[in-house]
K.L.:
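I'd like to ask some things about the structure below.
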Amino acid sequence: RLVAAPYIVWSAIFIIVPLIIMVYFALTDASGAFTLSNFSQIGRFKKAFALSILYAAVATVITLVLAYPMAYFMTKMKVSSQRMIMMLIMLPMWMNFLIRTYSWITILANTGLINKFLGLFGIGPLQLINTPGAVILGMVYDFIPYMILPIYTAMSKIDNSLLEAASDLGSNGASRIRRVIMPLSLPGVISGITMVFVPSVSTFYISQKLGGNKTLLIGDAIEYLFNTGPEYYNIASTLSLILMVLILISTLIMNKFGDSEEVVV
């Protein structure tokens, strides 16, 4: 208990206390009186909620499609090559998140690198920045390491004897992937989906810089309300509470899928 005390204190200060404050503001009005009227304002932000979930889901699917084969091929490389690839994956994460996102402006802008290159062939300029595609691209770029790493970790722990047993029973390469590797790597997939979906659905900086004023996600709405003034803290806290509940529900559903899978050779 003595050793765990610092962690308990840290959790209480930086996790439990902020949650209590958020719930308090969500269930009170500007004068501090208890009220549920804040929840009646949620309808004004239903489009922001829908767009946040849609964009996060699309970004998560794209990230999974890109990360899964990447993680699989990494496990087939030499150990030295795996370390090199892992270093390249981790390298962008060492830079500031805002700088990584802001760099895409110089790439996607009307005078950016892509449009300058297309201009050499008489194409463009194309409207790449301030679009939904740019927002999703930013999500995929910023969060794809969080998908690759857990899937790679799960795949690297698969016992080769299981793959050999599958081959002895007549499974070819595709069958081994479907019957052995995919079920055994599912915990990594579930972890990766959670780690990508959660920050994607609550992000606001990516949509502000790459989506412009055309894209308002729920993270943007919450950030705007908090910056507007104390009189909007209550509705902002209510939106934050609803978003947290949606994230918890999504996480529980994904964990339920992960617990129900079995390996069939």
Side-chain angles (χ1 to χ4, degrees), residues 1-57 59-60 93 96-102 135 138-139 142-143 145-146 150 190-211 213 215-256:
R1 293 181 180 179
L2 184 61
V3 174
Y7 302 99
I8 296 175
V9 173
W10 186 93
S11 298
I13 295 176
F14 295 103
I15 298 178
I16 299 177
V17 172
L19 288 177
I20 293 175
I21 295 174
M22 179 185 67
V23 173
Y24 168 78
F25 276 99
L27 299 179
T28 57
D29 56 19
S31 63
F34 174 80
T35 181
L36 296 177
S37 61
N38 295 325
F39 291 90
S40 63
Q41 304 294 323
I42 296 176
R44 296 166 48 195
F45 303 93
K46 59 183 179 180
K47 183 178 180 180
F49 271 112
L51 283 179
S52 298
I53 296 174
L54 176 62
Y55 286 11
T60 302
M93 300 174 64
N96 185 275
F97 174 81
L98 304 183
I99 296 176
R100 284 186 283 135
T101 303
Y102 203 84
V135 176
M139 293 178 179
D142 282 317
F143 302 129
Y146 301 112
I190 298 300
S191 178
I193 290 175
T194 303
M195 294 175 67
V196 171
F197 181 79
V198 170
S200 296
V201 77
S202 57
T203 187
F204 62 92
Y205 189 81
I206 295 176
S207 54
Q208 289 179 2
K209 295 303 178 183
L210 302 182
N213 296 326
T215 304
L216 178 67
L217 303 185
I218 192 61
D220 301 313
I222 294 173
E223 190 258 353
Y224 173 78
L225 291 172
F226 271 116
N227 289 336
T228 301
E231 64 272 19
Y232 293 97
Y233 285 178
N234 302 95
I235 182 61
S237 297
T238 303
L239 295 179
S240 301
L241 180 61
I242 296 300
L243 180 61
M244 183 185 70
V245 171
L246 291 176
I247 291 174
L248 288 176
I249 293 175
S250 302
T251 303
L252 291 175
I253 293 175
M254 294 306 302
N255 289 336
K256 185 65 176 178

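What you are looking at is a predicted structure, and each value in this text was computed from that prediction instead of being measured. Values below: every heavy atom of this structure, side chains too, minus hydrogens, waters and symmetry copies. Residue numbers run from 1 in the order of the sequence given.
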K.L.:
Mind running side chain to side chain contact (heavy atoms under 4.5 Å, CB included) on Thr203 and Tyr55 for me, showing each step along the way?
P.N.:
CA-CA 10 Å; Thr203 187; Tyr55 286 11; over 6 Å; no
K.L.:
Mind checking the CG-CD1 spacing from Leu239 to Ile218? Nearest 0.5 Å is all I need.
P.N.:
4.5 Å
K.L.:
Show, in sequence, the C-alpha distance, side-chain angles and deciding distance for Ile206 and Phe97, and conclude whether the side chain to side chain contact (heavy atoms under 4.5 Å, CB included) test is met.
P.N.:
CA-CA 10 Å; Ile206 295 176; Phe97 174 81; 3.8 Å; yes
K.L.:
Just say parallel, tilted or perpendicular for the rings of Phe25 and Tyr233, cut-offs at 30° and 60°.
P.N.:
perpendicular
K.L.:
Check whether more than 12 heavy atoms from other residues, nucleotides or ligands sit under 6.0 Å from atom OH of Tyr224, and answer yes or no.
P.N.:
no
K.L.:
Applying side chain to side chain contact (heavy atoms under 4.5 Å, CB included) to Ser237 and Phe226, what does each step give before you reach the verdict?
P.N.:
CA-CA 9 Å; Ser237 297; Phe226 271 116; 3.9 Å; yes
K.L.:
So which heavy atom on Phe143 is nearest to which on Ser200, and how close?
P.N.:
CD1-OG, 3.3 Å
K.L.:
Got a second to check how far Leu248's CG is from Ile253's CD1, nearest 0.5 Å?
P.N.:
11.0 Å
K.L.:
Would you compute the distance between atom CD1 of Ile53 and atom OG1 of Thr60 and round it to the nearest 0.5 angstrom?
P.N.:
11.5 Å
K.L.:
Is any side-chain heavy atom of Met22 closer than 4.5 Å to one of Leu19?
P.N.:
yes
K.L.:
Going from CD1 on Ile8 to CD1 on Ile13, what distance comes out if it is rounded to the nearest 0.5 angstrom?
P.N.:
12.0 Å
K.L.:
So which of Val23, Val17, Ile16 actually passes side-chain contact (heavy atoms from CB on, under 4.5 Å) with Ile20?
P.N.:
Ile16
K.L.:
Do other residues, nucleotides or ligands put more than 12 heavy atoms under 6.0 Å from Tyr232 OH?
P.N.:
no
K.L.:
Please give me the minimum heavy-atom distance between Ser191 and Pro150, naming the atom from each residue.
P.N.:
OG-CB, 3.9 Å
K.L.:
Above 12 or not: heavy atoms from other molecules or residues under 6.0 Å from CZ of Phe45?
P.N.:
yes
K.L.:
What's the shortest heavy-atom distance between Leu225 and Ala236, and which atoms?
P.N.:
CB-CB, 3.7 Å
K.L.:
More than 12 heavy atoms of other residues, nucleotides or ligands under 6.0 Å from CZ of Phe34: is that the case?
P.N.:
yes
K.L.:
Examine distances only and state if a side-chain atom of Asn234 and a backbone atom of Ala26 form a donor-acceptor pair shorter than 3.5 Å.
P.N.:
no
K.L.:
Between atom CG of Leu246 and atom CD1 of Ile249, what is the distance when rounded to the nearest 0.5 Å?
P.N.:
6.0 Å
K.L.:
How many angstroms lie between atom CD1 of Ile235 and atom CD1 of Ile222, to the nearest 0.5 angstrom?
P.N.:
9.5 Å
K.L.:
Is it true that a side-chain atom of Ser207 and a backbone atom of Phe204 form a donor plus acceptor pair closer than 3.5 Å?
P.N.:
yes
K.L.:
For residues Thr28 and Tyr24, report the shortest heavy-atom separation together with the two atoms involved.
P.N.:
OG1-O, 2.7 Å
K.L.:
On a heavy-atom basis, which atom in Pro145 and which in Met93 lie closest, and how many Å separate them?
P.N.:
CB-SD, 3.2 Å
K.L.:
Kindly give the heavy-atom pair with the smallest separation between Ala221 and Leu216, and that separation in Å.
P.N.:
N-CD1, 3.9 Å
K.L.:
Evaluate the side chain to side chain contact (heavy atoms under 4.5 Å, CB included) criterion for residues Tyr205 and Tyr102: first the C-alpha distance (whole Å), next the side-chain angles of each, then the deciding distance (0.1 Å), finally the verdict.
P.N.:
CA-CA 9 Å; Tyr205 189 81; Tyr102 203 84; 3.8 Å; yes
K.L.:
According to the side chain to side chain donor-acceptor pair (under 3.5 Å) rule, which pairs have a member within residues 29-45, sequence neighbours left out?
P.N.:
Asp29-Ser31, Thr35-Ser37, Gln41-Arg44
